[in-house]
Amino acid sequence: MSTDPDATEREAPSLEGGYDPEAVEKRWQDRWVDSEVYAYDGDPGQDPNTTYAIDTPPPTVSGSLHMGHLYGHTVQDFAARFQRMYDGDVLFPFGYDDNGIASERLTEKELDIRHQDYERREFQKLCREVCQEYEAEFTDKMQGLGCSIDWGHTYKTIEPRVRRVSQLSFLDLYEKGREYRKKAPAIWCPECETAISQVEMEDEERASHFNDIAFEVASEGAERDEFVISTTRPELIPACVSVFVHPDDDENQDLVGETARVPIFGHEVPIIADDRVDMEKGSGVVMCCTFGDQNDIEWYQAHDLPLRVAIDESATMTELAGDYEGLSTEEAREAIVEDLEEEGYLRDRWEITHAVQVHERCDTSVEYRVSKQWYVEILDHKEEYLEAGREMDWYPEKMFSRYRHWIEGLEWDWLISRQRDSGIPFPVWYCSECDHEVMARREDLPVDPLSDEPPIDTCPECGNDTFEPEEDVFDTWATSSLTPLINAGWDWDEEAQEFRMDNPELYPFDLRPQGHDIISFWLFHTIVKCYEHTGEVPFDATLINGHVLDENREKMSKSRGNVVAPDEVLADYPVDAVRFWAASAAVGDDFPYQEKDLTAGEKLLRKLWNASKLVDNLAPEEPDEPDELEAIDRWLLAELDDAVEELTAYLDDYEFAKARDRLRTFFWNTFCDDYLEIAKEREDNPSTEYALRTAHRTFLELWAPFLPHVTEEIWQALYADSEARGTSNNSSGERSEPRDDGGELGETSVHVRDWPTPQGYEADLEAGEAAMEVISALRRYKSQNQLSLNADLEAVSVYGPVDGFEDAIRNVMHVRELTVLEEPPEITTEVAAIDLDYSTLGPRYGSKVGEIDAGIESGEYEIVSAEQRSAEKSSGDEPRDDDEGLLRVAGEELEDELFEVELERTYSGEGEMLETESAVVILE
RNA sequence: GGGCUCGUGGUCUAGCUGGUUAUGACGCGGCCCUUACAAGGCCGAGGUCGGUGGUUCGAACCCGCCCGAGCCCA
């Protein structure tokens, strides 16, 4: 704490002057962090039901904070703050994903080095150092968002603890038989020189050429000498292993069973029938190369074709390409086309654009290569993963179908090995004689086989005593998918010989939030991993947030230059205003960033501030509750009860936009515009003073999840002290010496209070409603007559249910003489319209409704009043309930509950008549 | 090409287990300094719910087709 008295004074929360978010927000952010207000201090034995845990997807460090981070974390924070107040302990952790290729590149760039020049552990150390700076900056910015993250509960995917968890995970799945190592075609990035998984590919439109190339028929006695195939990749011709024709392709059926000679290279390949041929494309005859695409792989496997590798791991032509050896695929393509043309094999060539599959990280088009890789078997558990998805609550629900379609479309097992120089290594060695797999011991983890020795001296299979380390590292998703386990402190218990968690009460996590673009891989992989390890679905619910678009509802992108940086926004607007904007979108919907929406938030902060000042002026801090509240005050608190109830339900269901609007409307319109205006005229009234303070405290609590800074400032300025005193009064001993500022805030903060519950106030809500209508009508009258709102009104009569609210009306509208009429005023009424209750009329009368409508329209109807009816009935036989009127129309008798008569009133007395929904007001 | 989603006053939106007067905010026009707030209050204008066909007594809401936008996956 500062010793400078001026500074202390300036720093103290107070309602003096206007609200100054710039100073206030920073101050509270710092104090919340310093005092660890949001620290998770649940204990491992506690009830999981009162523990709310969020599993946050860790952002990549090297990327700067963007609107997606801001929005995503703010939405999570709404849930965290609400749950913390509502139902017990909350864990809102934070992680950094610094284990990926992105941070390696960052390190290389920052230090101007190449990872190849370093030993793996050394390079990782450098990565950690470089990332640390970026992480510090990122942390700072995250704290500037005011999220209630527990900064004592963080992790980095590059840290040794996480490496250990990743390797443990690998060993566990291996022992469970869920992982295998296999030599098979895999998707390969020649730029990164690594295998990648299906999910790391994306399609990109590229300009290319279609080439029609003639192949000779080599076998004797064939019906023709040659045929033509079309390809975009002539450089694959040396890798051609067969030619395919569709079995239904009559035109080319003669070729099946013959042999083709590959142009230039001269090797001969079989011509085979297979229904995977696309007959619509080109000539209907296609070549199969190892490998041009996924189809080639299927053919290779189905027809047991030979492997011809013409392209190496760096996309350079191999020895097999003959004269083209050493060229890049691009160069070889051009050279081969030229030579084909020269030798007369090229029959046609034209430009096209087509979708090429590229590695999402570097945009290099991928190859398919046969190599030995590690896989997690997933295809056989698709049903279980689907079922796991069904067990979770999806917010919004519709997002589940994306997950389902994703799983249904899976065709490959999950390839988890990457041929990269850094990352988390496989804890595996292989016998140099028999290739037997040797796993590290759990207690030794984390290990790096490149620098650590295997746990055994001789191979149990063949007795050999030399081993080769596995050089590959894990796919980063293999680690990122473990965050629930990392957050719950999952580890191997050597003594018990089983996995256990430091905080089992956290798992499964209550909420997994993330953007809708990463459902397919991040969420999916996390479910796969955690489910396989624990047999449980890792999340009760998943919250899928939409994207922040630009003001024209277009996606923000660097290339379009329409990116809005959080820094810029926060420089101009209070965090609370930004949060209020973030709460405006229904969860799952994309929504635009528009400045005017931030202004709306700013206005709200100002309103809350000013209303608080007024409340503070109107009522003592802690008024006693009177034995009997007056009608107007009881009405407010009853309305507040309703609001609390609805709001709680909305928030519990992640309906932040609805909660926000409900609260804003009630606070602004009902409390400020209606009640406060009335309260101003009721100074020194104990009933009103009590209601004012009760409502005000409750409003601060209700707004706290949305507007944490301004509510904390007001709370601390007005109530924190008395609450602290109150607590000590209730407890047995004296109040303990105030601890340092930090510890105290953990108890006095508005954010650690209990969420409000309805207090059971009962009031005549109808009367309140009628009174507000009357006030509104009088306001309208003044406004239309250009009177100021505090102008006096001589005499007003009201006919309507405003019992108990007479004084409120009189005072707030400055009515000298208010009369409540027992009888309707001198008015003549005339039927203006008849409203039918179609919802019951429709089902009952069906197509007759049209006639009824027409009858009313044309005036051919009769209203029989209750009196008339009873007179009629008295002559009839059965006397029954005759309180009700009747409507005779179109040959039907409609009962009272089916229609309502709208009257047009004409006032024949003195003065002016104002009408409202449920009251009549006469001004004299 | 397949799937999902969306299309409501000038702008952003609520409403969508069908019920006839379509919600609110911003913007716009007018009035009002009233015991906090003029960056406030009050009042008002403005939409037939992308188009079209159908189901129904009745459709913004259900169904078909079309147009437009976005996302995911090939």
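So you know, we letter chains A, B, ... as the sequences are listed, proteins then strands, and number each from 1. Because the structure is a prediction, the values reported are computed rather than measured.
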Enquirer: To the nearest Å, give me how far apart CD (A:Glu683) and P (B:A36) are.
Expert: 11 Å
Enquirer: Looking only at side-chain N and O atoms, does A:Asn545 offer a donor or acceptor that is under 3.5 Å from a partner on A:Gln514?
Expert: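 The criterion, which ignores hydrogens and geometry beyond distance, is not satisfied for A:Asn545 and A:Gln514.
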Enquirer: Roughly how many Å apart are B:C12 and B:G50, using the P atom of each and rounding to a whole number?
Expert: 14 Å
Enquirer: Roughly how many Å apart are B:A59 and B:A22, using the P atom of each and rounding to a whole number?
Expert: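 These two P atoms come out 15 Å apart once rounded.
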Enquirer: Ignoring hydrogens and angles, answer whether the base of B:C57 and the side-chain atoms of A:Lys848 contain a donor-acceptor pair closer than 3.5 Å.
Expert: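 Answer is no: no donor-acceptor pair is held.
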Enquirer: Of all the choices, B:A36, B:C42, B:U13, which nucleotide is nearest to the side chain of A:Pro592 once you look at every atom?
Expert: B:U13
Enquirer: Need the pair for B:U23. Rule: Watson-Crick or G-U wobble, both distances under 3.5 Å, any strand; none if unpaired.
Expert: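 Check on B:U23: unpaired, no WC or wobble geometry under 3.5 Å.
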Enquirer: Using the P atoms only, state how far B:G18 lies from B:U56, rounded to an integer number of Å.
Expert: 16 Å
Enquirer: Take atom P in B:U48 and the same atom in B:G9, then report the distance between them in whole Å.
Expert: 8 Å
Enquirer: Carefully, step by step, assess A:Glu630 and A:Arg682 under the rule salt bridge (Lys or Arg N to Asp or Glu O under 4.0 Å).
Expert: CA-CA 11 Å; A:Glu630 292 179 31; A:Arg682 294 165 60 80; 2.8 Å; yes
Enquirer: Can we say A:Asp661 and A:Arg664 salt-bridge, meaning some charged N sits less than 4.0 Å from an Asp/Glu carboxylate O?
Expert: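 Salt bridge: no.
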Enquirer: On a whole-Å scale, what distance lies between the C1' atoms belonging to B:A38 and B:G19?
Expert: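 43 Å, rounded to whole Å.
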Enquirer: Output yes when at least one side-chain N/O atom of A:Lys658 is less than 4.0 Å from OP1 or OP2 of B:G15, else no.
Expert: yes
Enquirer: Checking all strands, does A:Arg779 fall into the base, sugar-phosphate, or nothing category for heavy-atom contacts under 4.0 angstrom?
Expert: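 The answer is sugar-phosphate, as A:Arg779 gets under 4.0 Å only of primed atoms, P, OP1 or OP2.
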Enquirer: Identify the nucleotide, in any strand shown, that forms a Watson-Crick or G-U wobble pair with B:C62, with both distances under 3.5 Å; if there is none, say none.
Expert: B:G54
Enquirer: Please give, in whole Å, the distance from B:A36 C1' to A:Asn617 CG?
Expert: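 Rounded to whole Å, this separation is 7 Å.
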Enquirer: With heavy atoms under 4.0 Å as the rule, sort A:Asp616 into base, sugar-phosphate or nothing.
Expert: nothing
Enquirer: Determine the Euclidean distance between corresponding C1' atoms of B:A60 and B:G7; express it in Å to zero decimal places.
Expert: 12 Å
Enquirer: Remember a base hit wins even if backbone is also touched, and classify A:Glu681 as base, sugar-phosphate or nothing at under 4.0 Å, heavy atoms.
Expert: base
Enquirer: Partner lookup for B:G1, please. Criteria are Watson-Crick or G-U wobble with both distances under 3.5 angstrom; report none if nothing qualifies.
Expert: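 For B:G1, the partner nucleotide comes out as B:C73, under the 3.5 Å rule.
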Enquirer: For A:Tyr19 and A:Asn610, does a side-chain donor sit closer than 3.5 Å to a side-chain acceptor?
Expert: no
Enquirer: Would you call A:Lys596-A:Glu551 a salt bridge at under 4.0 Å N-O?
Expert: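 Result for this pair is no, no salt bridge flagged.
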Enquirer: Which base, if any, makes a Watson-Crick or G-U wobble pair with B:G68, both distances under 3.5 Å?
Expert: B:C6
Enquirer: Taking RNA chain B as the partner, which of residues 16-24 of chain A come within under 4.0 angstrom of it by heavy atom?
Expert: none
Enquirer: Take atom OH of A:Tyr781 and atom C1' of B:G44, then tell me their distance rounded to the nearest Å.
Expert: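 Computing the A:Tyr781:OH to B:G44:C1' distance gives 19 Å.
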Enquirer: Given the rule in the ring-ring contact (aromatic ring centres under 6.0 Å, His included) test, do A:Tyr719 and A:Trp715 qualify, once you have shown the distances and angles that lead to the verdict?
Expert: CA-CA 5 Å; A:Tyr719 305 126; A:Trp715 184 266; 5.1 Å; yes
Enquirer: Okay, side chain of A:Lys607, backbone of A:Trp668: is any donor-acceptor separation there less than 3.5 Å?
Expert: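 Not confirmed, A:Lys607 side chain does not pair with A:Trp668 backbone.
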Enquirer: Testing A:Leu598, A:Val24, A:Leu605, A:Val710 one by one against A:Pro574 for a side-chain contact (heavy atoms from CB on, under 4.5 Å), which residue passes?
Expert: A:Leu605
Enquirer: Could you give the distance separating B:C62 and B:U23 at their C1' atoms, to the nearest angstrom?
Expert: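 Approximately 22 Å lies between the C1' atom of B:U23 and that of B:C62.
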Enquirer: Report the C-alpha distance between A:Glu367 and A:Arg233 in whole Å, list the side-chain angles of each, state the deciding distance to 0.1 Å, and finish with yes or no for salt bridge (Lys or Arg N to Asp or Glu O under 4.0 Å).
Expert: CA-CA 12 Å; A:Glu367 299 288 348; A:Arg233 301 199 57 192; 2.9 Å; yes
Enquirer: Between A:Ala586 and A:Lys613, which has a closest nucleotide on RNA chain B that is more 5'?
Expert: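 Comparing both residues, the 5'-ward one is A:Ala586.
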Enquirer: Using a strict 4.0 Å threshold on nitrogen-to-oxygen distance, state whether A:Asp616 and A:Arg693 make a salt bridge.
Expert: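 Yes, A:Asp616 and A:Arg693 are salt-bridged.
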Enquirer: Relative to the ring of A:Phe699, is the ring of A:Phe671 parallel (under 30°), tilted (30 to 60°) or perpendicular (over 60°)?
Expert: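 Judged by the thresholds at 30° and 60°, the geometry between A:Phe671 and A:Phe699 is tilted.
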Enquirer: Quick one: look up who B:U48 pairs with, Watson-Crick or G-U, both distances under 3.5 Å, and put none if it's unpaired.
Expert: none
Enquirer: Determine, for nucleotides 17-34 of chain B in 5'-to-3' order, which nucleotides have protein heavy atoms under 4.0 Å from the base (write B), from only the sugar-phosphate (write S), or from neither (write -).
Expert: --BB-----S---BSS-B
Enquirer: What's the CD-P distance between A:Glu773 and B:C42, to the nearest Å?
Expert: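 Checked: the CD to P distance equals 16 Å.
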Enquirer: Whole Å only: how far is the CG atom of A:Asn610 from the P atom of B:A36?
Expert: 10 Å
Enquirer: Rounded to the nearest Å, what distance is computed from the CH2 atom of residue A:Trp668 to the C1' atom of nucleotide B:A36?
Expert: 12 Å
Enquirer: Mind calculating the distance between CH2 (A:Trp394) and P (B:U5) to the nearest angstrom?
Expert: 14 Å
Enquirer: What is the distance, rounded to the nearest whole Å, between atom CG of A:Asp572 and atom C1' of B:A39?
Expert: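 Atom CG in A:Asp572 sits about 16 Å away from atom C1' in B:A39.
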Enquirer: Both A:Ser776 and A:Lys555 contact RNA chain B. Taking the nearest nucleotide for each, which residue is further toward the 5' end?
Expert: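 Result of the comparison: A:Ser776.
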Enquirer: If you measure from the Lys or Arg side-chain nitrogens to the Asp or Glu carboxylate oxygens, is any gap between A:Arg779 and A:Asp674 under 4.0 Å?
Expert: yes
Enquirer: What integer number of Å spans the C1' atoms of B:A14 and B:U52?
Expert: 26 Å
Enquirer: Looking at B:A14, B:C4, B:A36, which one has an atom nearest to any side-chain atom of A:Asp589?
Expert: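 From the listed options, B:A14 comes nearest.
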